[in-house]
Peer 1: 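The structure under discussion is supplied below as structure tokens; questions concerning it will follow.
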Amino acid sequence: MTFLDPWRYKYADRANALVASEIRALFATASNPDIISLAGGMPHLAGMPFAQMADVLRDVMIENGEEMWQYGSAQGNPELRKLILQITEIEGTTADPDNVVITSGSQQALDYITRIFINPGDVIIAEAPNYVGALGVFRSYQADVQNAQMDENGLIPEKLEVQLKKLDQIGKRVKFLYTVPNFHNPAGVTMSVERRKQVLDICKKYEILLVEDNPYGLLSFDGTIHPSIYSLDYDASLGYAPNVVYMGSFSKIIAPGFRVGWMIVPDGIKEKAVLSSESAILCPSNASQMTLIAYLKNFDWKEQIREFRSVYKERHAAMVDAINEYLPYCTYNDPTGGFYIWLKVPDDINTKSIQEECLNAGVSFVPGRGFYATGEGDEYMRLSFCFPTPEHIREGIKRLASVIDKKVK
Ligand code: PMP
């Protein structure tokens with residue numbers, strides 16, 4: 001029986017814009033042992049030093065329990081804000097610690113920036129395909145999301161400029177450009193350094209804020225680090241980059257369960273971000289932040305990141321080998337880091353319509369259409385190699401091929 005919510009007529013427009021993503025719909029399959037999930041982007045946590053972390057946590061709780069379980073600052077713990085800058089420094093992102101705001105994952109940073117800037121109908125330019133979690137936030141604030149085009153080197157500056165000119169001519173208010181420059185979710189591509197500079201210059205020319213979301217930047221397979229766009233705009237006399245909001249997270253380099261991320265913001269936006277934090281959650285969790293401080297001080301987090309890299313490198317290689325062997329007629333841009341392969345199947349196959357059959361064959365993926373604001377993407381699927389073992393990845397691709405093979409003419 002279909003449930004009809006008696007309150008549905010009273011919902012705000014923004015609540016009507018809240019719809020389950022393609023990924024949420026697949027969560028149920030993740031716990032089914034008969035299905036190999038190439039769908040979710042869950043980080044690999046098996047190698048974490050949990051027993052040692054428990055000892056450290058115990059010490060922190062005994063020594064600083066009252067602070068740990070008390071309310072804290074809306075902007076976030078000052079010591080953690082400094083430690084975060086030691087991490088971001090690896091890719092050239094420096095700032096005055098006072099320009100760092102701690103959030104509940106970078107997902108909340110996305111929420112704050114959208115809440116601060118977007119009135120219904122305002123334009124956000126975002127790469128297409130786009131991170132589903134960002135699309136969800138943008139939709140909930142009733143933004144008009146316009147697709148920016150990408151190729152194997154990321155967002156295309158020339159096309160961006162043409163698009164901005166057109167929007168300007170028809171009087172559209174573009175508020176910000178949202179980009180994931182490293183190991184894009186879901187497209188897998190990385191923006192070239194040359195393009196980073198060009199994209200920044202275009203945003204400055206058109207007076208558009210650039211929102212740089214970088215959860216995967218330290219997770220290249222070979223250890224290559226790309227300079228953040230933020231670093232190209234950084235002004236030491238200010239202590240921040242005046243045209244860029246940078247977002248980062250502990251989710252992929254330590255663990256998502258902490259729900260701690262951050263944003264690095266210009267002065268004025270900082271005030272609004274802190275007020276957003278106060279109104280949304282009063283303050284981020286002291287317990288999470290203090291555990292992270294203890295972790296960063298007591299463990300070799302750089303070595304942990306190196307280990308993550310080598311796990312993902314091996315899993316990526318397993319997926320690429322399996323695709324080349326079992327799905328040779330499918331194409332993709334081979335990622336150099338991150339969690340995802342954005343696979344293009346032959347044009348006459350619709351990935352949404354084969355999803356059920358694939359689940360019955362024991363494999364899940366995310367159909368491409370959920371990654372677009374405008375309903376295209378049916379010839380794509382997102383495959384994640386972060387969580388399953390290399391053996392499962394191989395078997396998963398084999399199962400996928402058993403369904404797709406039958407559809408290829
Ligand atoms: N941005 C991107 C591009 C992501 O892929 C994710 C998570 N998958 C997030 C932001 C949010 O991550 P978190 O809130 O865990 O920091």
Side-chain angles (χ1 to χ4, degrees), residues 21-24 26-27 30 37-45 76 80 84 87-88 100-115 124 126-140 145 148 150 154-155 176-191 210-220 226 228-230 245-264 273 276-277 280-281 284-285 288-289 292 305 308 312 335 337-342 366 370-373 382-387:
S21 75
E22 291 283 347
I23 297 178
R24 254 278 304 286
L26 284 165
F27 267 166
S37 174
L38 305 178
M42 289 184 310
H44 164 79
L45 297 181
L80 183 61
I84 283 170
I87 299 172
T88 59
V100 180
V101 178
I102 308 277
T103 53
S104 290
S106 50
Q107 188 66 25
Q108 193 172 44
L110 270 167
D111 186 88
Y112 290 170
I113 209 66
T114 315
R115 168 193 306 223
I124 297 172
E127 287 142 347
N130 192 0
Y131 164 50
V132 277
L135 275 180
V137 174
F138 299 161
R139 266 196 208 111
S140 75
V145 181
M150 283 192 281
L155 205 152
F176 60 79
L177 167 75
Y178 169 70
T179 175
V180 181
N182 295 315
F183 324 124
H184 190 273
N185 175 8
V189 297
T190 293
M191 200 192 296
L210 192 153
V211 176
E212 176 178 26
D213 184 10
N214 188 24
Y216 305 101
L218 298 182
L219 296 176
S220 65
H226 305 276
S228 62
I229 306 178
Y230 173 101
V245 165
Y246 176 96
M247 294 172 182
S249 174
F250 286 111
S251 290
K252 276 76 181 189
I253 54 169
I254 301 182
F258 286 107
R259 302 312 301 133
V260 176
W262 61 87
M263 58 203 298
I264 306 180
S276 299
S277 171
I281 54 170
S285 156
S288 277
Q289 292 180 87
L292 277 166
I305 292 176
F308 282 144
Y312 297 136
F339 286 4
Y340 310 106
I341 286 186
W342 183 237
V366 191
F371 298 89
Y372 287 85
R382 191 192 75 176
L383 299 173
S384 310
F385 49 80
C386 45
F387 195 73

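The analysis underlying the following values was restricted to heavy atoms, covering all of them including side chains, and did not include hydrogens, waters or symmetry mates. Index from 1, following the sequence. Indexing begins at 1, ligand by ligand and atom by atom, following the structure's order.
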Peer 1: Need the ligand 1 atom indices (1-based, order shown) with element for anything under 4.0 Å from a heavy-atom of S249.
Peer 2: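 Contacts of ligand 1 toward S249, numbered from 1: 13 (P), 16 (O).
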Peer 1: Could you tell me which non-hydrogen atom of F308 sits nearest to which non-hydrogen atom of H44, and how far apart they are?
Peer 2: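 Here F308 and H44 meet closest at CE2-O, 3.0 Å.
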Peer 1: Numbering the atoms of ligand 1 from 1, which are under 4.0 Å from a heavy atom of P215?
Peer 2: 1 (N), 2 (C), 3 (C), 4 (C)
Peer 1: For atom 3 (C) of ligand 1, what's the nearest protein heavy atom and its distance?
Peer 2: D213 OD2, 3.5 Å
Peer 1: Heavy atom under 4.0 Å from ligand 1: found in K252's side chain, backbone, both, or neither?
Peer 2: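 The answer is the side chain.
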Peer 1: Verify, without hydrogens or angle tests, whether E212 (side chain) and S228 (backbone) share a donor-acceptor contact under 3.5 angstrom.
Peer 2: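 Between the backbone of S228 and the side chain of E212 there is no qualifying donor-acceptor contact (under 3.5 Å).
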Peer 1: Would D213 and Y131 count as having a side-chain donor-acceptor pair, cut-off 3.5 Å?
Peer 2: no
Peer 1: Indicate, as side chain, backbone, both or neither, the part of Y216 found under 4.0 angstrom from ligand 1 when only non-hydrogen atoms are considered.
Peer 2: side chain
Peer 1: Whether the side chain of S276 engages the backbone of Y112 through a donor-acceptor N/O pair (distance < 3.5 Å, no angle test) should be reported.
Peer 2: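 Answer holds: no.
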Peer 1: Starting from atom 9 (C) of ligand 1, what is the nearest protein heavy atom, named by residue and atom, and what distance separates them?
Peer 2: Y131 OH, 3.3 Å
Peer 1: Around atom 12 (O) of ligand 1, find the nearest protein heavy atom and jot down its residue, atom name and distance.
Peer 2: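 For atom 12 (O) of ligand 1, the nearest protein heavy atom comes out as S106 OG, 3.5 Å.
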Peer 1: What are the atoms of ligand 1, with element, lying closer than 4.0 Å to any heavy atom of R259?
Peer 2: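 The list of qualifying atoms is 13 (P), 14 (O), 15 (O).
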Peer 1: Compute the centroid of each ring, for W262 and then for Y246, and state whether the two points are separated by less than 6.0 Å.
Peer 2: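 Not under 6.0 Å, so no.
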Peer 1: Show the atoms of ligand 1 that are less than 4.0 angstrom away from any heavy atom in S251.
Peer 2: 13 (P), 15 (O), 16 (O)
Peer 1: Using distance alone, decide if ligand 1 has a nitrogen or oxygen within less than 3.5 Å of any nitrogen or oxygen in S104.
Peer 2: no
Peer 1: Classify the ring geometry between F176 and F138 as parallel (under 30°), tilted (30 to 60°) or perpendicular (over 60°).
Peer 2: perpendicular
Peer 1: State, without any angle test, whether Y312 and Y216 hold a side-chain donor-acceptor pair at a distance under 3.5 Å.
Peer 2: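 Absent: no donor and acceptor within the cut-off.
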